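A quick write-up on the structure given underneath.
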There are 2 protein chains.
Amino acid sequence: MSADFRTSQGGYAYHQVAEEIEAQILRGDLKPGDQLPGEAELGAMFGVTRSTVREGLRQLESDGLVHRPSPRRLEVRVPQADQLVTRAGRAMALMKVTFRELWEVTMVTEPLAARIAAERAAEEEIESLQLVHAQLVAAEGQMAHTIALDEQFHTSVAEMGRNRVLGLAREPIALLLFRGFTRIAPFAPQFYRRQIEAHSNIIAAMRDRDGDRAEKWARKHIEDFWRGAQIARLEDAIALNPSALS
Amino acid sequence: MSADFRTSQGGYAYHQVAEEIEAQILRGDLKPGDQLPGEAELGAMFGVTRSTVREGLRQLESDGLVHRPSPRRLEVRVPQADQLVTRAGRAMALMKVTFRELWEVTMVTEPLAARIAAERAAEEEIESLQLVHAQLVAAEGQMAHTIALDEQFHTSVAEMGRNRVLGLAREPIALLLFRGFTRIAPFAPQFYRRQIEAHSNIIAAMRDRDGDRAEKWARKHIEDFWRGAQIARLEDAIALNPSALS
DNA sequence: CTTGCCGCAGTGTCGGACGCTAGAGGCCGG
DNA sequence: CCGGCCTCTAGCGTCCGACACTGCGGCAAG
């Protein structure tokens, strides 16, 4: 905590500031919700200028460990899922992953999501899922709407399983994969129908609390997607122009 | 690109600098490997001071989109896997995910990894995996070594499948889960044996290019782990003290 | 006790300065 | 003519000081 910690560690001062605060968070000395001292005070603590402190804070901020609800308040926070999803999605897009890679993983995540959702979803959740599905049916043939609603459907299913790890892991992958629908639909218009069929069957299985059936239909659904990708010759195509990510 | 872009967008200047450069990267105007202008020059471009530019760069750096191979060179780079893994692992630890959540996902990722590894691994890769396995056998009963080698075994298997998406998705999860071995081993010492048995069977299946068998043994292996977790009453325990992450 | 105003502290941004070092370019020897 | 060594400089990391703007707490008035 003293000002001379810098002698013990190499690296840049701003990095050390970030690391030290990060360590305090991970160690539990600082808990989510805690407010951090002002920049000047932090500077005094670490024996560096405000500019240096600020650079360190920018890192922590971008890591999601720290957050400014208002310009006057700087507090510790647990990293938000959407932030992680964005980062992971961007990274995968930049590393030019193929549809095959995305699909292989989705082939196991979505069935799992469907299964545990069927086992654990609350009745109202199933109803609200039905609502999303109705919208998707209504969107018949409109690609942009269809994609957005499909994403929402799958994300909702995943959330109903109450497994945050699965949610985190699948989200960026599913996003990238399903967006490929843009390039499949023109070749395989019958997909809109099959998608709706699969979704209804998943919902039905959820209503019956039939995990196995939900899982089976989810698998079928993703297999179908792959058939479409094959028709469109997308198997080893690169998933997405990264700029398409928000 | 002119200095007055700030009027069109809200938010802080440093954030806009980061966003603009990020957009250029995602859009492909800047490709991985490209060198960025100096801080002063960037400042001139955006009409802000060097301090402000530096804060923006710290964000990009921490996002992994930009990187300094030497203090004199600032270049665009695709985010590195280990960085993403660390962030995701930290986030999951901070959000206090349970072993159950980790395990459920691992139950589908590791079998998939084993299957595609069996189908795609090169002979030498299998040999080097055998080597890791031999070390694990030799480490008999030493928990720390066992965990490290087990992690390495599974990570290697995943790499052999040549699916970067799977690699990215499973790594932080597997890391957190397998580390739970620390709390299982004392209750279920027979685990060392069963682990070795499973690993050998996976390797054997890989040698035979038998994806199904590899998958089956991987599943068995992870199921076993769960039995151990149950014995140790860890099902809904929190995975890990975040400070234990490097 | 509530409400509105005021002052202040702290943030965002700026400009300038300085030591240090990696790497470019010149110098020298082979 | 070419390669290795030395010098020198551009650019980075860090520091200092300054100023406008704005939430927020405190105070006074209702």
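Just so it is clear, the model here is predicted, and its values are computed rather than measured. Every heavy atom of this structure was used, including side-chain atoms; hydrogens, water molecules and symmetry mates were not. Letters A, B, ... are given to chains in the order of the sequence lines, protein chains preceding strands, and every chain is numbered from 1.
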Regarding dA22(C), can its base be found pairing with the side chain of Arg73(B) as donor and acceptor, where the two atoms are less than 3.5 Å apart? no
Kindly indicate whether the side chain of Arg72(A) and the base of dT22(D) share any N or O donor-acceptor pair separated by less than 3.5 Å? yes
Taking the basic N atoms (NZ, or NE/NH1/NH2) and the acidic carboxylate oxygens, is any pair closer than 4.0 Å for Glu61(A) and Arg54(A)? no
side-chain N/O Ser51(B) vs dG15(C) OP1/OP2, d < 4.0 Å: no
Quiz question: by atom type and distance under 3.5 Å, do the side chains of Glu171(B) and Thr155(B) form a donor-acceptor pair? yes
Closest to the Thr49(A) side chain: dC16(D), dG12(C), dC12(D)? dC16(D)
Checking contacts here: which listed nucleotide (dG12(C), dT14(D), dC14(C)) is nearest the side-chain heavy atoms of Tyr14(B)? dG12(C)
Nearest-angstrom distance from the residue atom CD of Gln16(A) to P of dC15(D): 11 Å
Nearest-angstrom distance from the residue atom CG of Leu57(B) to P of dT14(D): 14 Å
Value in whole Å for how far the P atom of dA24(C) lies from CD of Gln35(B): 9 Å
Would you kindly say whether Glu55(B) and Gln59(B) are connected by a side-chain donor-acceptor distance under 3.5 Å? no
Which sits closer to the 5' end of DNA chain D, Leu74(B) or Pro71(A), going by the nucleotide each is nearest to? Leu74(B)
Between CZ of Arg54(A) and C1' of dG12(C) the distance, given in whole Å, is 5 Å
Gap between atoms CD and C1', on Glu75(A) and dT11(C) respectively (whole Å): 16 Å
Please give, in whole Å, the distance from dG13(D) P to Glu61(B) CD? 8 Å
Taking atom C1' of dA10(D) as reference, at what distance in whole Å does atom CD of Glu39(B) sit? 12 Å
Check the distance between dG12(C)'s C1' and Arg50(A)'s CZ and give it to me in whole angstrom. 7 Å
Students often get this wrong, so: under 4.0 angstrom with heavy atoms, is Thr52(B) touching a base, only sugar-phosphate, or nothing? sugar-phosphate
Could you check whether Glu20(B) and Gln16(B), counting side-chain N and O atoms only, form a donor-acceptor pair closer than 3.5 Å? no
Could you pull out the closest heavy-atom pair between Phe181(B) and Thr146(B), with the gap in Å? CE2-CG2, 4.1 Å
